[in-house]
Amino acid sequence: MERTESTQDTTAFNMPDWMIQFADQKREFNKRPTKIGRRSLSRSISQSSTDSYSSAASYTDSSDDETSPRDKQQKNSKGSSDFCVKNIKQAEFGRREIEIAEQEMPALMALRKRAQGEKPLAGAKIVGCTHITAQTAVLIETLGALGAQCRWAACNIYSTLNEVAAALAESGVPVFSWKGESEDDFWWCIDRCVNVEGWQPNMILDDGGDLTHWIYKKYPNMFKKIKGIVEESVTGVHRLYQLSKAGKLCVPAMNVNDSVTKQKFDNLYCCRESILDGLKRTTDMMFGGKQVVVCGYGEVGKGCCAALKAMGSIVYVTEIDPICALQACMDGFRLVKLNEVIRQVDIVITCTGNKNVVTREHLDRMKNGCIVCNMGHSNTEIDVASLRTPELTWERVRSQVDHVIWPDGKRIVLLAEGRLLNLSCSTVPTFVLSITATTQALALIELYNAPEGRYKQDVYLLPKKMDEYVASLHLPTFDAHLTELSDEQAKYLGLNKNGPFKPNYYRY
C-alpha cells in the first residue's frame, strides 16, 4: 500500500530520569531476576483474526473437557470471577512457564526493577489484544508493576496458552481467552475487556487492529478518554494509516511494527528460528534437498529463507518489489513466479501480509504431499475458503495439521488452516520477543506521559533514541561492550556522544 508516514517531529522526546539512570548502569542487566516478573509480547494474525472454517474445539487439548469456558463458573483464589479462561486450575503450570520466560527477557525485568519506583504508568488503564503466551505475560505484568491496570484478550484464536491465561487470571489480571475460540467467542472476549461497568480504558495495545476496530465500531465515545494506541503488526498499522488518510484517526498512534527493534529483530531473527520449529513439530520432515518457495522477501521472508537454506533446502523466492527481489538474487536465491514452480516444490510458505497469494488454481496444481503454510500476519494469504467444497475431503492428522484430499487421491498438507505457523503450531524465541515487548512498553510510557500537543491525531514512528535504548538494554546478555566516541570523533560526525547515532532516514 502507499504509506504516508507522519511528518510530525518526534525529536522532542526526552528520556526520563529513570531511563537515564538505567542506561548508565547497563551491566546490571546481566543479573537476570528469577522472582520478579512476567510477560512479553506478541505476534499476530488478525485481519479478522477470526475467520475459521473448522470447529473451534479441534485445537483444544484432548485432556480438557469440551465445555465452553463461557459456560463455566470459575473463580480465582481471591474470589474474583472477572476473567474467562479454559481452566483456572492450570494456573500453577502457567506460572512456571512465565518464570522461565522471565529468564530470557532481561530488559523487561530490568525495566520493571528500575522504573517501578517512579510508576510511569500510574493511572493508565490499558486494554490489550495480543497473543497470550508466557512472553506476553511478562509484558502485561511489567505494565502492572509500572502502575497500569490491564484487561486483556487474544488476537489469535489458536495461539493462546491456556495455562498462561489461567496464571494471569489467578494473579488478578482480567483476561478473556482460550485456545480454539470460535469467531463469536473471539469478539465476545474483546467486548468483555472493553465493555465493563466502572472501568474505561485510556490506552490501547493492539496486535492486528481488531481491538481498535471493535472500539471504533461499538464504543466510539471511548476515544474521548483514550490517549493513544500502540500497534505492533503490519496489518494493524495498515489499518491505522487507512484511518489517518481518511481523517478518522482520533487519537495519536505509535507504529511499533516499523520500529527498527521490531522489524530487524522480531521479524527477521524470530522467524529464522521459528519457521523450522513450526514445520518440524507439525510434519517431522527433513529439510535437506527439499524444494521450497517462499512468497515475499521482506524481513520475515529473509529469515525463513536463511534458515531453510542453512538446512540444505533449495529455496525459490517470489516478490513484487524489485528492491527486495534484487536482495533475494544477491543472497543466492532464484527469483520466480509462483506458477513457474508450483508443480515441483515440496513446501509453500507465504510471508507477504497480502491476500490470495496462494489461490485455488495454485492449490490444484501442487504435487501430492506438498506442505502449505503461512508466516505472514494475516490469515488471508492462502485461499483456504476455496478448499471448503464438496469434492474435497478434509482429514485431521494431528492438532493444526490437515490433509486436504482431491478426488484423484492427491493430498496437500495444510498447517494451522493458513494462520500464523509459528505461534499456532510451535513457539517463538523468548529473547527476541523481549526486544519487541520492551519497545511496546516504552511506546506506551511515551504516549501516556507525553504533554498535550506533542503528538497529534496521526501515526508516529518511535523516536530513534528509544530504538537505540531498547537495543542497549539487551547487549549485556551477550557480555557486549560498546565502543564510545571521543569528543573529537563525535564532533567530526556531528553526533551527540550518547546518540542518536543514525538519522531517521537511515536504513539498517
Side-chain angles (χ1 to χ4, degrees), residues 6 8-16 18-19 41-42 111 115-116 118-130 139-140 142-153 155 173-174 190 193-196 198-233 236-237 239-244 246-259 262 437-463 465-466:
S6 166
Q8 303 295 333
D9 184 15
T10 60
T11 57
F13 167 70
N14 295 313
M15 294 175 69
W18 57 264
M19 190 182 289
L41 115 94
S42 349
L111 181 65
Q116 65 181 352
E118 188 176 320
K119 300 288 185 186
L121 289 175
K125 297 180 178 180
I126 302 172
V127 60
C129 184
T130 67
L139 171 62
I140 297 171
T142 297
L143 299 177
L146 301 183
Q149 297 177 29
C150 298
R151 297 180 68 85
W152 229 261
C155 67
V173 177
I190 289 179
C193 281
V194 176
N195 183 21
V196 55
W199 193 92
Q200 180 173 323
N202 53 25
M203 294 294 296
I204 295 173
L205 178 57
D206 211 352
D207 188 351
D210 288 324
L211 172 60
T212 302
H213 166 76
W214 186 256
I215 296 177
Y216 264 105
K217 179 181 177 182
K218 295 290 186 178
Y219 310 104
N221 287 335
M222 283 190 176
F223 281 102
K224 293 178 181 179
K225 293 187 177 181
I226 291 174
K227 302 184 73 171
I229 301 168
V230 174
E231 171 59 54
E232 187 217 348
S233 74
V237 166
R239 290 174 164 185
L240 289 175
Y241 278 114
Q242 286 180 322
L243 287 172
S244 178
K248 296 180 179 179
L249 185 62
C250 50
V251 296
M254 198 70 82
N255 171 4
V256 168
N257 180 72
D258 292 314
S259 67
K262 164 64 165 66
T438 307
T439 305
Q440 289 174 304
L442 293 177
L444 286 165
I445 292 170
E446 168 64 9
L447 275 182
Y448 182 69
N449 291 284
E452 188 173 353
R454 176 181 292 177
Y455 297 106
K456 297 181 172 57
Q457 296 170 353
D458 206 344
V459 184
Y460 292 83
L461 296 174
L462 268 70
K465 185 67 176 175
M466 192 180 292

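Computed over heavy atoms, backbone and side chain alike; hydrogens, waters and symmetry mates excluded. Throughout, numbering of the chain's residues begins at 1 and tracks the sequence.
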Do you know which two heavy atoms are closest between [X] and [Y], and how far apart they sit?
X: Asn255; Y: Asp258; result: ND2-OD2, 2.7 Å
X: Trp199; Y: Val127; result: CH2-N, 4.4 Å
X: Ala443; Y: Val256; result: CB-CG2, 4.1 Å
X: Asn202; Y: Gly123; result: ND2-O, 3.1 Å

So, Glu446 and Arg454, do they make that salt bridge, N to O below 4.0 Å?
->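 Here Glu446 pairs with Arg454 in a salt bridge, since their nearest N and O are under 4.0 Å apart.
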Would you call Arg239 and Asp210 a salt bridge, using N to O less than 4.0 angstrom?
->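 The answer is yes: the pair qualifies as a salt bridge.
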Nearest 0.5 angstrom please: [X] [atom1] to [Y] [atom2], how far?
X: Ile226; Y: Met203; atom1: CD1; atom2: CE; value: 9.0 Å
X: Met466; Y: Thr438; atom1: CE; atom2: OG1; value: 11.5 Å
X: Leu462; Y: Met254; atom1: CG; atom2: CE; value: 5.0 Å
X: Leu444; Y: Ile204; atom1: CG; atom2: CD1; value: 10.5 Å
X: Thr439; Y: Asn257; atom1: OG1; atom2: CG; value: 11.5 Å
X: Lys125; Y: Lys225; atom1: NZ; atom2: NZ; value: 8.0 Å

Main-chain N/O of Thr212 paired to Asp206 side chain as donor or acceptor, under 3.5 Å |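 Such a contact is found between Asp206 side chain and Thr212 backbone.
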Sequence neighbours excluded, which residues qualify as side-chain contact (heavy atoms from CB on, under 4.5 Å) partners of Lys248?
->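 So Lys248 forms a side-chain contact (heavy atoms from CB on, under 4.5 Å) with Leu243, Ala246.
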Please identify each residue that fulfils side-chain contact (heavy atoms from CB on, under 4.5 Å) with Ala153, with sequence neighbours left out.
->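 With sequence neighbours excluded, Ala153 shows a side-chain contact (heavy atoms from CB on, under 4.5 Å) to Cys189, Ile190, Cys193, given in chain and number order.
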Would you say Tyr216 and Cys250 make side-chain contact, with heavy atoms under 4.5 Å?
->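 Yes, side chains in contact.
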Contacts of Tyr448 that satisfy ring-ring contact (aromatic ring centres under 6.0 Å, His included) - sequence neighbours left out =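 Tyr448 satisfies ring-ring contact (aromatic ring centres under 6.0 Å, His included) with no other residue.
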Are side-chain N/O atoms of Gln200 and Tyr219 paired as donor and acceptor at under 3.5 Å?
->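 There is no such pair (donor and acceptor under 3.5 Å, judged by atom type) between the side chains of Gln200 and Tyr219.
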Apply side-chain hydrogen bond (donor to acceptor under 3.5 Å, both in side chains) to the pair Ser244 and Gln242, showing each step before the final yes or no.
-> CA-CA 5 Å; Ser244 178; Gln242 286 180 322; over 6 Å; no
